[in-house]
Asks: 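Provided herewith is a single structure, encoded as structure tokens, for subsequent inquiry.
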Number of protein chains: 2
Amino acid sequence: MTISVPLTRMKAGERRELILRAATGVFGTSGYVGATTADVARAAGVSQPYVVRMFGTKEQLFLEVINRALELLLAGFQSALDDTSSDVALEKRMGLAYVNQLKEHGVLLSLMHAFVLGREPVIGRAARAGFMKVYRFLREDAGFDAAQVQNFLASGMLINTMIGLDMAEDYDGDPDVRELMECAFPEKVEMVRELARKRTEG
Amino acid sequence: MTISVPLTRMKAGERRELILRAATGVFGTSGYVGATTADVARAAGVSQPYVVRMFGTKEQLFLEVINRALELLLAGFQSALDDTSSDVALEKRMGLAYVNQLKEHGVLLSLMHAFVLGREPVIGRAARAGFMKVYRFLREDAGFDAAQVQNFLASGMLINTMIGLDMAEDYDGDPDVRELMECAFPEKVEMVRELARKRTEG
DNA sequence: GGTCTAAGTAATCAAACGATAACAAGTTGG
DNA sequence: CCAACTTGTTATCGTTTGATTACTTAGACC
């Protein structure tokens with residue numbers, strides 16, 4: 001039973017961002033179809049009809065979630081690109097920028113859920129466009145060649161998959177999981193485990 | 001309007017396999033939550049209650065679908081492993097075996113949909129176990145080292161993603177898509193495009 | 001301090017879905 | 001040939017869900 005009475009008022013813009021963050025987490029966990037507008041509302045601390053009225057439809061909300069996720073991702077890449085202070089190689093800096101997106105829950109996973117819905121007319125089109133936007137950034141702005149991009153994206157998709165699988169769940173019980181995770185998230189295994197713990201308990 | 005009258009009888013075993021094939025395609029396209037038992041029934045040419053009664057629940061059906069998909073995948077890998085006649089390197093043979101699973105629609109994609117539902121208690125557990133079964137096959141039976149397995153799985157997850165995105169849809173209109181596809185499916189681009197066409201038209 | 005707008009809720013609905021129950025028609029074995 | 005089991009269907013039900021409508025109330029502004 002949720003006590004829903006007083007609720008401090010916000011301007012629509014703030015509330016919108018708050019709901020988008022909540023929705024990112026929910027869609028990341030349950031997927032586009034599996035997530036309900038009531039789940040999102042609960043996570044955001046507002047009523048279900050308010051979520052729908054603010055975004056029009058669940059589909060529109062999901063589109064805004066994945067567009068926001070793409071903006072965050074590309075902004076992270078741009079920062080890694082701009083930061084020439086460190087002597088770390090570009091490809092590695094970009095990889096770290098990618099993994100750091102895990103700190104906000106659902107950013108990478110809601111994208112991943114969109115990526116497997118290519119046959120959905122509206123979402124599919126948006127997902128392809130978003131994916132290729134990342135491709136072009138890596139290819140043109142970051143200056144990767146085609147093979148580098150392919151390799152980078154492949155590693156990213158494996159990371160998404162392992163996060164989607166909640167693989168950290170089995171880290172302690174299965175040495176093969178440990179081996180794989182240490183290979184897939186170099187230097188970031190502890191962060192990933194910590195975040196998984198927080199999500200499970202909290 | 002479906003004409004549903006005469007329907008030649010089958011033994012339950014055959015009908016089961018037929019439904020599992022149909023369900024593989026439907027789950028691959030729409031995902032676990034998005035696919036309905038009525039969709040599966042329509043694709044299999046039987047009534048919706050029959051699907052439910054044969055498999056108990058939709059969840060159970062999905063579990064059988066992904067277990068079957070895993071069996072097909074591992075059988076394909078085993079064949080590639082056994083076929084020592086060709087002079088093609090093992091890693092490449094395994095890659096071809098992977099891509100050839102695309103010939104049956106939904107085998108790789110239904111697995112992919114399972115892989116992003118790690119938080120679902122039952123499906124998540126099965127998905128992790130299945131993924132690690134593949135990992136162990138590559139690591140132990142195929143003799144890959146950890147980095148090789150990571151690289152192989154990463155390429156596989158990128159392939160899954162691009163198929164899930166229905167990326168072939170944009171092959172003609174976007175030269176970057178063409179570049180990426182030629183990098184991700186070496187020598188198999190035409191097959192992928194052909195299968196995508198069949199799925200779109202048929 | 002009253003008023004008017006923007007921020008929110010409660011109540012409710014129609015559609016879709018998974019599941020169940022009850023029934024029909026082949027097929028097989030004695 | 002008929003009884004019994006298997007293969008299948010039609011009809012229907014209770015929930016869940018996204019969406020709509022109508023109502024409330026906080027707070028900014030004159």
Side-chain angles (χ1 to χ4, degrees), chain A residues 1-23 26-27 29-66 110 113-114 117 120-123, chain B residues 1-23 26-27 29-65 110 113 117 120-123:
Chain A
M1 179 166 32
T2 313
I3 299 170
S4 59
V5 192
L7 180 59
T8 59
R9 285 218 173 176
M10 276 182 194
K11 289 191 183 161
E14 295 175 62
R15 187 66 79 187
R16 191 182 187 83
E17 177 65 17
L18 194 149
I19 294 176
L20 279 175
R21 266 186 80 97
V26 173
F27 281 124
T29 300
S30 306
Y32 170 55
V33 189
T36 72
T37 55
D39 291 336
V40 172
R42 202 171 310 120
V46 296
S47 68
Q48 179 265 340
Y50 193 46
V51 171
V52 172
R53 222 194 24 190
M54 178 164 271
F55 294 93
T57 64
K58 175 175 151 176
E59 183 178 74
Q60 198 60 42
L61 169 59
F62 187 62
L63 290 175
E64 295 207 27
V65 163
I66 67 177
S110 58
H113 278 283
L117 292 180
E120 288 264 336
V122 179
I123 292 168
Chain B
M1 179 167 30
T2 313
I3 300 171
S4 60
V5 192
L7 181 58
T8 59
R9 287 223 169 173
M10 277 182 196
K11 289 192 182 160
E14 294 175 63
R15 187 65 80 188
R16 194 184 185 80
E17 178 66 16
L18 195 149
I19 294 176
L20 278 175
R21 266 185 81 98
V26 172
F27 281 124
T29 300
S30 307
Y32 170 57
V33 189
T36 70
T37 54
D39 291 337
V40 172
R42 202 171 310 120
V46 296
S47 67
Q48 178 265 341
Y50 193 46
V51 171
V52 173
R53 220 196 22 191
M54 178 164 271
F55 294 92
T57 64
K58 175 175 152 177
E59 184 179 74
Q60 199 58 44
L61 169 60
F62 187 62
L63 290 175
E64 295 208 24
V65 163
S110 58
H113 278 284
L117 292 180
E120 288 264 336
V122 179
I123 292 168

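Naming: A, B, ... by sequence-line order, numbering from 1 per chain. Remember, predicted model here, so these are calculated numbers, not experimental data.
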Asks: Is a donor-acceptor contact shorter than 3.5 angstrom present between the side chain of Arg9(B) and the base of dT27(C)?
Replies: no

Asks: Show your reasoning for whether side chain to side chain contact (heavy atoms under 4.5 Å, CB included) applies to His113(A) and Leu117(B).
Replies: CA-CA 10 Å; His113(A) 278 283; Leu117(B) 292 180; 4.1 Å; yes

Asks: What's the CZ-P distance between Arg42(A) and dG8(C), to the nearest Å?
Replies: 19 Å

Asks: Could you check which of dT9(C), dT7(D), dA7(C) has an atom nearest any side-chain atom of Val46(A)?
Replies: dT9(C)

Asks: Nearest heavy atom decides the nucleotide; on that basis, is Tyr50(B) or Val52(A) closer to the 5' end of DNA chain D?
Replies: Tyr50(B)

Asks: Residues in side chain to side chain contact (heavy atoms under 4.5 Å, CB included) with Val33(B), at least two apart?
Replies: Val33(A)

Asks: Below 3.5 Å, does any donor atom in the side chain of Arg15(A) face an acceptor in the base of dG8(C), or the other way round?
Replies: no

Asks: Starting at atom CZ of Arg53(A), determine the distance to atom P of dG8(C), rounded to an integer number of angstrom.
Replies: 10 Å

Asks: Would you kindly give the CZ-to-P distance between Arg16(B) and dT6(D), to the nearest whole Å?
Replies: 15 Å

Asks: Let's see if you can work this out: which of dG8(D), dA11(D), dT9(C) has an atom nearest to the side-chain heavy atoms of Pro49(B)?
Replies: dA11(D)

Asks: Whole angstrom is fine here: how far is it from CD in Glu59(A) over to C1' in dT17(D)?
Replies: 16 Å

Asks: Hey, which sits more toward the 5' end of DNA chain C by its nearest nucleotide, Gln48(A) or Met54(A)?
Replies: Met54(A)

Asks: What contact category does Ser47(A) fall into here, base, sugar-phosphate, or nothing, at under 4.0 angstrom with non-hydrogen atoms?
Replies: base

Asks: Within the 4.5 Å heavy-atom criterion, are Thr37(A) and Phe55(A) side-chain neighbours or not?
Replies: no

Asks: Do any pairs count as a salt bridge (Lys or Arg N to Asp or Glu O under 4.0 Å) and have a residue in residues 54-64 of chain B, sequence neighbours left out, and if so which ones?
Replies: Arg16(B)-Glu64(B)

Asks: Could you check how far NZ of Lys58(B) sits from P of dC17(C), rounded to whole Å?
Replies: 9 Å

Asks: What's the CG-P distance between Asp39(B) and dA19(C), to the nearest Å?
Replies: 14 Å

Asks: Between Tyr32(B) and Met10(A), who's closer to the 5' end of DNA chain C by nearest nucleotide?
Replies: Met10(A)

Asks: Under 4.0 angstrom, heavy atoms only, what part of the nucleic acid is Ala41(A) near: base, sugar-phosphate, or nothing?
Replies: nothing

Asks: Answer yes or no: does a side-chain N or O of Thr36(A) lie under 4.0 Å from OP1 or OP2 of dT17(D)?
Replies: no

Asks: With Val40(A), which of Val65(A), Val51(A), Val52(A) fulfils side-chain contact (heavy atoms from CB on, under 4.5 Å)?
Replies: Val51(A)

Asks: Write down the distance between CZ (Phe27(B)) and C1' (dC17(C)), rounded to a whole number of angstrom.
Replies: 13 Å

Asks: Take the protein atom CD1 of Ile19(A) and the nucleotide atom C1' of dA7(C), then report the distance between them rounded to whole Å.
Replies: 11 Å

